[in-house]
Each structure stands twice: as C-alpha cells, then as structure tokens.
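Just below is one structure, and these are the notes that go with it.
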2 protein chains.
Amino acid sequence: MELTERQKQILRAVVDIYISTAEPVGSKAIAALPDVSFSSATIRNEMAELTQLGLLEQPHTSAGRIPSPAGYRLYIDELMQDYRLSLDETRSLNEALELKSQEFDKMMSQVGKLVSKMTNLPAYTVASRRSEAVAKHFDLIMAGPGSIILVLMLSGEVVKNKLVKLPVNVSEAELKLLSAVLNASLTDLTADEISGELLEKISRSAGSAAPLVPLVMDFTLESLRQQHGDVHLTGQMRLLGQPEYRDAAEKAQEVFETLDEDMLSNLPAVLPRDGPVQFLVGPENVAKELKDTSVVMMRFDIGDGMQGTIGVVGPTRMEYAKITAKLGYFAENLGRMFQKTNPNLPPKLPDGSENEE
Amino acid sequence: MELTERQKQILRAVVDIYISTAEPVGSKAIAALPDVSFSSATIRNEMAELTQLGLLEQPHTSAGRIPSPAGYRLYIDELMQDYRLSLDETRSLNEALELKSQEFDKMMSQVGKLVSKMTNLPAYTVASRRSEAVAKHFDLIMAGPGSIILVLMLSGEVVKNKLVKLPVNVSEAELKLLSAVLNASLTDLTADEISGELLEKISRSAGSAAPLVPLVMDFTLESLRQQHGDVHLTGQMRLLGQPEYRDAAEKAQEVFETLDEDMLSNLPAVLPRDGPVQFLVGPENVAKELKDTSVVMMRFDIGDGMQGTIGVVGPTRMEYAKITAKLGYFAENLGRMFQKTNPNLPPKLPDGSENEE
DNA sequence: TGTTAGCACTCCATTCCTCTGAGTGCTAAA
DNA sequence: TTTAGCACTCAGAGGAATGGAGTGCTAACA
C-alpha cells in the first residue's frame, strides 16, 4: 500500500526532527513546521495511521512518536533529502584530507580517525580485495646475524614484511639466488596456483637456502589468502556522546564487544555491487546486540583489485543524510588520491556549495 | 614522620578492600579481617590519624574512608604485596601469548589487545627507540608502470615501505643502480650524519633516476627521525566496566580525548632507567583530565636499540598488584619472544605457582 | 467527506519528603 | 592505651505529589 504525499511528509518530518532532537516527536512540533498547513489534529490522525503501518512507534501513550526501523528504512530509501555540505564543512573536510603519512595502512587508519572526528561517531576503515591476489615481488634482506627480512609485494600494491630467524646459516649470495628463484617462479600466481611440485622445484634450486623455503611459503600463502587488510576502528568513545548511550554505558560496551574486527572486516561484503553506499539499520544488523545501532558504509576505489570501505557506527537515530554526504565526499577524494599519480593533488572541490543546515 | 606498623596495616587494608569493592571502607570491615586483633574503635582512631596525614579521605562525614592519591602512592611504593599469579591465570596468559601474526606491528597491536582483555582495562603498546636510528637497507621495487615501492629497513629491524609514484620514467636497471648507490652510501648513518653534499653526490651517481632521490630521502629522513612506532590503544570501552565510570560516560570520554596517541607515545620517556615498571597515580598524571585515572606501564626489551612499552589505563582504584604481576609476566615473555631465535618458543613458566586471590 | 478545535485522560519525569542504616567522633570505663 | 557505648550525621533508597506534554475521541465545521 502506498503512502499519501501528506503521510510521507509527516514521516519525513518525524524522522528529521527525531534525528536532531532524540526526543519523541509530537503532533504540535510538526504542525509548527513552516511548510505544514494542516492542524495538529490531522497530524495526530495521520500519525495513528503511520503507527498502524509499523512506520512509527510510541514509547508510551502520552509520548510523541519515534520512527520504527521500518520507518527509518523507508526514510533512507525514499524520503531522505540529499544533504548539501556547507562551505565551512567542505573546507574542514578538505583540511582533514591533507593526510600526513603516505604509508597505505597508516593512511587508512588516519582516514578512520578523520571520519570519526568529522561525524563525531565511531568509524572504521578496511581495505579489501575484489579479485584474487597474486605475488608481485619477493625480496630477502639480511637483517643481522641469523635473521633476514622477507619483503613480499602483492597485487594491489600491498607490501608485507616479516622478520625471519634463520634455521640455518645462509650466505648473502644464497639469499640473492633464492629471491631470484622465487621471483622467477612464483610471481603472478594465485594461492591456488602454487602447487606442491612447484615448491619442491624451488627447494631444489635453492641450494643450502632450502630450509628457508617453507618459512617463506607459509607467509606468502597466508598473505595471498588474506581477503582484507587490517581493520582500523576508532572513536568508540564518541558513541557515548549520543544521548541514547549517555547513561547506557553497558549497552555501548556490548556494541563494541560484538563489533569486533572479524565482523567489521566482513561488512564490506554486503556492499551492493551497484551503489557505493549501504545502510544497515538497527535490527537489519547481523547481531542482536546491534539492534539499536546502525552502520553507514561507503566504498571507494583504490585500483588494482582493491577497494576501501569507510564505515560509521551510530545509534539508529543517525544523521543519515549528513553522514552520507560527508562519507561520499571522503570516498570520492580518497579514491582519487589513492589512484592518481601524485597523492598530493588538492582534493576536488564540489560543484556548488550552499548549505542546508 | 614514620607510620607505625599498625597504621601501615590499616592503610594497606583500606587500599586492598577499596580496590576490590570500590566502596568506602569502614572501621568495622577492617576489624573483621582475620589478622586484625584490635577493635573498630581503635581503627577509627588510627584512621582519623591517617586522614590527618593526608593518606586517607572521607567522601562525607558518615562514610568510610578511601585512599587519597598520596595513600595510593605509599601503598604502591611500600605496602603493596606481590601478587602471585594463580596457575589458572598463568595458563590463560600463556594461551594468550601464542601470537598469531609475526609482523612486528601487528604483534604489538595484538599484545595490546591481549593485555586489555586480561586486565579488563584499556591498554596500549608502543615501540620506541633507545638509540639513534640508522638505515640498514634500501630496496626499490617496480610496482607497475610509473610507480615503485620503496622498502627501507632501519636498525631495530623496523621495516617501512612506501609507494612512490615516479616523476620520470626509470628503467629497472636504473632502479637497481640507485638502490646499490643508496645502500653503499647511506647505510649505518644517522639522520644527522646525512649531509647535503652526500645527497648531491648520490644524485649525480643516480643518472636519470636522480629525480627520485629527494623522494627517497624525505621518506628516509622522516623514518630515521621517528622516535617511536605506532601507538596501539585498545579496549577503551572497558573503562566503562569500572564502577567509577559506569555512570560517568562523559568523564570516560574526556579521558580518551586527553589520552591521545601523542601523549601515549611520550609516556615511555617517564619510565625510570632502573625499574621496568612505572605507576602514574591520578594527579601525578600530566593532564588534569586524568586526575582520577592511573596508568601502569611496563617496559620490555626488544633488542637492537628498541624497547616496547605496555601500559594499562584505569581508575586510580586499580588492582595495582595484580596488574603489575600480569604485565610483568607479559613483558618477560615478550622480551624473550622478540629476542630469541625462534619466536615460537613456548613461554617460560613461572617458578612456583600458587595464587593468593 | 475530510479537517479542526476542544477536552478528558494517560503517564512519564521531576521534585520533595521521609526514613533507614552505615559510619563516625567522642566520652568514659576498663 | 584500648575498648564499649552512644549520640549524631548524612547519603541514598523509596514513595507520594505535582506538572505537563501528548494522545485519542467527539462534535462541529467547510
């Protein structure tokens, strides 16, 4: 059944007001809006209807209405109005985007911190693969007596390294030989394409460095099979700034016990192929502990089979429009930064820039 | 002025009881302890004395006593009894110590998570240098058309890498040449020893790869000057499990706004040269926002001029003895793990193992 | 038929009060 | 010097009273 225009208007108003006040919304508050021309009694009738439809909820008889999860969902899918970032906001986002570090992992972690700060909510970032990883380059560097550093470069410009303590004595020349062998025979192969025979062949050509081969291979296979990079979750405490968690520290704790890295790293998988943004509203979330929590996530392209995901975690009552706008801005500019030749290009300015606070 | 044995006993009892109950301690509670042979009236007199000395405080006239910061300090320095880890605790610490990753940074971050979990408090880890850093090895790897990966190994077995977008076209052979030049002329030099002349000389020998030199050098110098690695702070939310923060989310938030990475990374500096452990009790802390917060930190040796620091953050009322014992156990075993040939050695078991809960 | 004003009713949140009990300090006796 | 006893204090729990926001319903109106 389709809502009337007026019902939509009222639903949108309830969500908008509730999002900004965190208080149940009464009929009078809506009647007082500038573009509402009908009386509070009419609104009461419509609200009763919307409640019946399961789009609104009433904490108790003598309270106003709050959106139900279904109400939020409808709001997000159909009613939400695009938030236009104000010039001020754009400016501070731009400032934020001047990332200091240029090491990939640190950048991701910094991005998370920025997003958390700009939205005043907990945020996370993950980099994940969209295609099978292959090894691109091996490097074995003498680190000291008895130990070497194994540097492994994968597709997606991911670099991993590991300190390996040598089980046997190996000379520098032998190391050179081994890395040459590895580079010659293992590059551009996926984990599955690396066969046992191949490994034996390598071991044979490695001479006295052969005992190193399994150590190197374990690390390589493990790295190749990793579907995503580190999860950077920050700003957890900001959740406490939200009225719904202010006096419910326990609930906030629970949220973050549930929302561990495993879970976060798997979230990008639910991102739709077509849109870069995805909302998980309250009970749509995976775990029941998160039933009052929502997540907005945004994908950005890193190129070479990798994608980044930025997510913001907050109460179901979240400024979806604003957050989406900010994440979108981040995503767009990060995508460009990660792909373009010069990472220090200034971020692109938005076309128009009027706010709508 | 020196405390009498009885006063010490009472002070210790107050701290011990308050630490475990978080409630002001009355004279009766102490009189009820098994090894107390004097009456509650006597204890009242002594407590009045200790209050006068500034070692105890009284929230209000009809409440028991709680330790003052000075009281905690005296407790830590003189009265605290070593906590003997129970077999159970040792066992779970050992399990925890089976770190999965063997990449240094990830290990540090995992250690933080473990410590936080085992103490049920927020924890952090930092690695920092104890001596000047020098470059140990340079490596330039072709990553794709127009970009290379610069891998830099420093003393302390620290490996850094950065994706560099090429300003000019450079052939693989030229890259090889450049890395050879870098390795020949820059290794074992500190940041200060790298002079402008040296750089010019390198640029000249680098041929058409010369435009790369400043890019490489900026990164190298920056890395050499870095005094400490990433700070890994986790488990912030666990602070909320503590009664003093349960309904003071605001305060908890404040703590973590103050306790940022900058600050944490500078904390190891206050570690005394002689002891591996340091306590910052309440107002001894640097910032006034932390006046109700304490930090226990423990150093462990990584070797090669590096040290690691594990810290636990909690309310002033913290289980100092237990936490110190656990941190000590971690530190000892980590020190061994990071230094010994085989990182998979099982952790050393403690000599005796009876608990004292 | 749809809209609105008016009104009785509901119920949460706040305030204020009382009361209880834990704990103290002091005094006087042992 | 220690201890029993006692009057006193005060935070916190529990409960009643109050205020007010918001509702649903009815009846009048366009």
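Here the structure is a predicted model, which means the values were calculated and not measured. Proteins come first, then strands; the chains are lettered A, B, ... in the order of their sequence lines, and each starts at number 1.
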*Cut-off 3.5 Å, side chains only: do E284(A) and Y72(A) have a donor facing an acceptor?*
no
*Residues in salt bridge (charged side-chain N to carboxylate O under 4.0 Å, His left out) with K251(A), at least two apart?*
D292(A)
*Nearest-Å distance for atom pair CD/P, residues E5(A) and dG2(C)*: 18 Å
*Is K117(A) atom NZ crowded by more than 12 heavy atoms from other residues, nucleotides or ligands, each under 6.0 Å away?*
no
*Pick from I43(A), L56(A), N45(A): which one makes a side chain to side chain contact (heavy atoms under 4.5 Å, CB included) with L50(A)?*
L56(A)
*Tell me, which pairs form a side chain to side chain donor-acceptor pair (under 3.5 Å) where one or both residues lie in residues 254-264 of chain A, sequence neighbours left out?*
E261(A)-K113(B)
*Write down the distance between CD (E49(B)) and C1' (dT1(D)), rounded to a whole number of angstrom.*
14 Å
*Separation of atom CD in E46(A) from atom C1' in dT3(C), rounded to whole Å*: 11 Å
_Under 4.0 Å protein heavy-atom contacts per nucleotide of nucleotides 17-24 of chain D, with B for base, S for backbone only and - for none_ = ----BSBB
*Report the distance from atom CD of E23(B) to atom P of dG21(C), rounded to the nearest whole Å.*
17 Å
*So with a 6.0 Å cut-off around CD of E78(B), is the heavy-atom count from everything else above 12?*
yes
*Can you name the residues that form a side chain to side chain donor-acceptor pair (under 3.5 Å) with E244(B), not counting sequence neighbours?*
R317(B)
*For residues 16-33 of chain B, pull every pair meeting side chain to side chain donor-acceptor pair (under 3.5 Å), keeping only residues two or more places apart or in separate chains.*
D16(B)-Y75(B), S27(B)-R44(B)
Output a table of nitrogen or oxygen pairs between the protein and nucleotides 28-30 of chain C separated by less than 3.5 Å.
none

_Atom pair distance, as rounded to whole Å: CD1 in I10(B) and P in dT2(D)_ = 10 Å
